[in-house]
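Let me begin by presenting the structure, written as structure tokens, before commenting on it.
Residue numbers run from 1 in the order of the sequence given. Keep in mind the model is a prediction, meaning the values are calculated, not measured.
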Amino acid sequence: VGSVLSSYGWYLLLAGVAVYVLVQKVSRSLAARSSGRPGAADAAEEPDVVVRRQEALAAARLRMQEELNAQAERYKEKQRQLEEERRRQKIAMWESMQEGKSYKGNLKLNQQEVESGASASAVPKSKPNKKPLRGGGYNPLSGEGGGTCSWRPGRRGPSAGG
């Protein structure tokens, strides 16, 4: 017996620890299953919770669908108004062509009216008078007018190769 323990002692010790851990896990899982059986009352309440959750989900979907439909209606109304405005412009252009007037001038006036009505709050920015950054005689290739900054190639030395 002493020679078997001296040869396989560590293996027997590890096997014993593994069996102990395995027995503990199995006993815990059996205890959890047996304690889960009396919870049948909780299972009776779960369908109510599930039904309430599904009803809430359906109501949320319905609200989102109604919002989407309202947005679609607003978009269609806006498109109808734009189409009506285009139709009016075409009629005005046709009438001015029939009278022999320039229809392009009327079109520009109508577009300006539409733009001014749409962007009444926007303030047009005036361009300030800009002076050039350098004088007119500046030429970077001539080397003149550049100030003290000028580039010169480095000295040739033994590291230049060749």
Notebook entry, point to check: For the side chain of S7 and the backbone of V4, is there at least one donor-acceptor N/O pair under 3.5 Å apart?
Noted result: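 No: the side chain of S7 does not pair with the backbone of V4.
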Item checked: Residues clustered with L14, ILVMFWY side-chain links under 4.5 angstrom -> none
Notebook entry, point to check: What's in the same ILVMFWY side-chain cluster as V26, cut-off under 4.5 Å, chained through other members?
Noted result: L30
Note to self: Between Y20 and V17, is the side chain to side chain contact (heavy atoms under 4.5 Å, CB included) condition met? List the steps.
What the structure shows: CA-CA 5 Å; Y20 177 75; V17 169; 5.6 Å; no
Check: residues 60-73 side-chain donor-acceptor pairs under 3.5 Å, at least two apart:
unit_1 : atom_1 : unit_2 : atom_2 : d
Q65    : NE2    : N69    : OD1    : 3.2
N69    : ND2    : Q65    : O      : 3.4

Notebook entry, point to check: How would you list, by chain and number, every residue that makes a salt bridge (charged side-chain N to carboxylate O under 4.0 Å, His left out) with R53, sequence neighbours excluded?
Noted result: none
Next item on the list: With sequence neighbours left out, write down each residue that passes side-chain contact (heavy atoms from CB on, under 4.5 Å) with E99, or none if nothing qualifies.
Entry: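 E99 satisfies side-chain contact (heavy atoms from CB on, under 4.5 Å) with K101 only.
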Next item on the list: Return the set of residues passing side-chain contact (heavy atoms from CB on, under 4.5 Å) with Q98 (not counting sequence neighbours), or none when no residue passes.
Entry: W94
Next item on the list: Working to the nearest 0.5 Å, report the span between CD of E85 and CD of E83.
Entry: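 Rounded to the nearest 0.5 Å, the CD-CD separation comes out at 11.0 Å.
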Check: Roughly how far apart are S27 OG and L22 CG, rounded to 0.5 Å?
Finding: 10.0 Å
Next item on the list: Report the C-alpha separation of E77 and R74 in whole Å, then their side-chain angles, then the decisive distance to 0.1 Å, and conclude whether the salt bridge (Lys or Arg N to Asp or Glu O under 4.0 Å) test is met.
Entry: CA-CA 5 Å; E77 184 62 30; R74 286 192 299 263; over 6 Å; no
